[in-house]
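These notes are about the structure you will find just below.
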2 protein chains.
Amino acid sequence: MENQAEILLNDFNLRQTNQRVKILQAFLRNSAALSHTDLEEEFAGSIDRATIYRCLKQFLDAGILHRIPDEQFQTKYAVCAACDHGHHHHDHAHFNCLGCNETTCIEQIVIPSIPMPAGFKVSEKILIVQGYCPRCNNA
Amino acid sequence: MENQAEILLNDFNLRQTNQRVKILQAFLRNSAALSHTDLEEEFAGSIDRATIYRCLKQFLDAGILHRIPDEQFQTKYAVCAACDHGHHHHDHAHFNCLGCNETTCIEQIVIPSIPMPAGFKVSEKILIVQGYCPRCNNA
DNA sequence: CTGTGTGCAAACACTTTGCAGGTGT
DNA sequence: ACACCTGCAAAGTGTTTGCACACAG
């Protein structure tokens, strides 16, 4: 069976280069969101910083990845299981663990509707829950 | 009557310098949150970049200001009406207008409790609502 | 007077961009 | 063959730090 990363690139009409496949694979094997720095460390000496920036931007534009701020408001990226082909469903929460600093999608939780004051038009909601994940909580 | 900025500095046991007072006043007369860049522009030629960074950091530590990410996940700062003396009540939403890019506290809205999966310990919730404010919505 | 804050400049970190050569289709 | 991607280096932008002097208490 073909590699899932390659399928994704195909689906989104992006050229299939070694670097893109490797980067996508990194996301696919991690449940947690990754920052540019995470990737830079993982691919140190093998993929150039600039290339990582360009890939991330392109994946964002294409809609393969989405952005999540971590507890320092640093940008992390994640493939979103619920999103397909530009149809994003991002009204779910993200959990940021203050112990291991991992950021994960909590697909189960849908952000409750927010009763905004009159006159406001809401287009997107971002909910970040901070605390400790089961692993760090028991440690 | 004494200046509110001066009262604040006093309350938090911070030295009352010209620069701090000016920066605090900027926050007090703006309903919207301010970024470092906003302040740098406002005080161009009068307060040094580095000083602004140091003041913001100190105000954060002291608990006078809190941080909110805007739509680019850039940090903005705001005095929080509901917070007093280190007792923060940040479980309210922030609204980020995609038209004028202003970020404001919506004190009226309390973030609903989130039913997290078992094992997670929640310590803070950040809710950012994006859309258009009444002013930009009608324009 | 003492300790802290400020401005300036340099250092540092993060991100973007131009260009020449390499790669996917 | 062509268009696009990559690596490298340089430029751009945002943030921090060291130091000498100024200021608040």
Side-chain angles (χ1 to χ4, degrees), chain A residues 2-3 5-27 33-62 64-65 67-77 101 103, chain B residues 2-3 5-27 33-62 64-65 67-77 101 103:
Chain A
E2 217 187 324
N3 185 307
E6 292 166 12
I7 296 175
L8 261 179
L9 286 173
N10 232 336
D11 284 359
F12 284 88
N13 289 312
L14 295 177
R15 284 200 183 177
Q16 204 170 294
T17 69
N18 233 307
Q19 293 87 333
R20 288 179 183 175
V21 171
K22 281 191 195 163
I23 292 174
L24 265 187
Q25 284 176 335
F27 281 104
L34 300 173
S35 66
H36 176 276
T37 311
D38 295 332
L39 293 166
E40 195 175 330
E41 282 167 9
E42 176 147 4
F43 297 115
S46 98
I47 303 183
D48 190 74
R49 247 197 302 284
T51 302
I52 298 177
Y53 279 111
R54 284 187 276 228
C55 285
L56 287 176
K57 186 163 295 181
Q58 195 163 33
F59 291 165
L60 267 189
D61 289 347
I64 301 181
L65 299 179
R67 291 154 43 103
I68 322 162
D70 77 357
E71 81 291 344
Q72 302 296 326
F73 301 165
Q74 311 281 16
T75 300
K76 295 203 168 187
Y77 304 83
N101 193 15
T103 299
Chain B
E2 219 186 324
N3 186 306
E6 292 167 11
I7 297 175
L8 262 178
L9 287 172
N10 230 338
D11 284 357
F12 284 90
N13 287 314
L14 295 176
R15 283 199 184 178
Q16 204 171 297
T17 70
N18 232 307
Q19 292 86 334
R20 289 180 183 173
V21 172
K22 280 191 195 162
I23 291 175
L24 265 188
Q25 284 177 334
F27 281 105
L34 299 174
S35 66
H36 176 275
T37 310
D38 295 331
L39 293 167
E40 196 176 330
E41 282 166 9
E42 177 147 2
F43 297 114
S46 98
I47 303 182
D48 191 74
R49 248 196 301 282
T51 301
I52 298 177
Y53 279 112
R54 286 187 275 229
C55 285
L56 288 176
K57 187 164 295 178
Q58 195 164 32
F59 291 165
L60 267 189
D61 289 348
I64 301 182
L65 299 179
R67 289 155 44 103
I68 323 161
D70 77 357
E71 79 289 343
Q72 301 295 325
F73 301 167
Q74 312 281 16
T75 300
K76 295 203 170 187
Y77 304 84
N101 193 18
T103 300

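In what follows, chains are A, B, ... by sequence order, proteins preceding strands, each numbered from 1. Just so it is clear, the model here is predicted, and its values are computed rather than measured. Below, each value reflects all heavy atoms present in this structure, side chains not excepted, and no hydrogens, waters or symmetry copies.
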B:Q74 atom CD is separated from D:dT13 atom P, nearest whole Å, by 14 Å

Would you indicate, yes or no, if C:dC14 has its OP1 or OP2 atom less than 4.0 angstrom from a side-chain nitrogen or oxygen of A:T37?
no

What nucleic acid atoms does B:T75 come within less than 4.0 Å of, heavy atoms only: base, sugar-phosphate, or nothing?
nothing

Could you tell me whether a side-chain N or O of A:R20 sits under 3.5 Å from a main-chain N or O of A:R15, the two making a donor and an acceptor?
yes

Touch class at under 4.0 angstrom, heavy-atom based, for B:S46 against every strand present:
sugar-phosphate

Check the pair B:Y77, B:F27 against side-chain contact (heavy atoms from CB on, under 4.5 Å), reporting the backbone distance first and the verdict last.
CA-CA 8 Å; B:Y77 304 84; B:F27 281 105; 3.7 Å; yes

When the distance from CG of A:N18 to C1' of C:dT25 is rounded to whole Å, what number comes out?
16 Å

Tell me whether the side-chain N/O atoms of B:R20 come closer than 4.0 Å to OP1 or OP2 in C:dG5.
yes

Rounded to whole Å, CZ of A:R54 lies from C1' of C:dT16 at a distance of 9 Å

Return yes if some donor-acceptor pair links the side-chain N/O of A:R67 with the main-chain N/O of B:Q72 below 3.5 Å, else return no.
yes

Looking at A:Y53, does any N or O in its side chain come under 4.0 Å of the phosphate oxygens OP1/OP2 on C:dT15?
yes

Show the numbers, then the answer: is there a side-chain contact (heavy atoms from CB on, under 4.5 Å) between B:F59 and B:L14?
CA-CA 9 Å; B:F59 291 165; B:L14 295 176; 4.0 Å; yes

Figure out the CG/P separation between A:D48 and C:dT15, and round it to whole Å.
14 Å

Rounded distance in Å - CD1 (B:I23) to C1' (C:dT6)
11 Å

Nearest heavy-atom approach of A:D38 to A:A33 is OD2-O, 4.2 Å

So, OP1 or OP2 of D:dT16: does either fall under 4.0 Å of a side-chain N or O from B:K57?
yes

Separation of B:Q19 atom CD from C:dT6 atom P, in whole Å?
5 Å

Provide, to the nearest angstrom, the distance between the CG atom belonging to A:N13 and the C1' atom belonging to D:dA3.
15 Å

Nearest heavy atom decides the nucleotide; on that basis, is A:T51 or B:R15 closer to the 5' end of DNA chain D?
A:T51

Between D:dT17 atom P and B:Q58 atom CD, what is the distance in whole Å?
14 Å

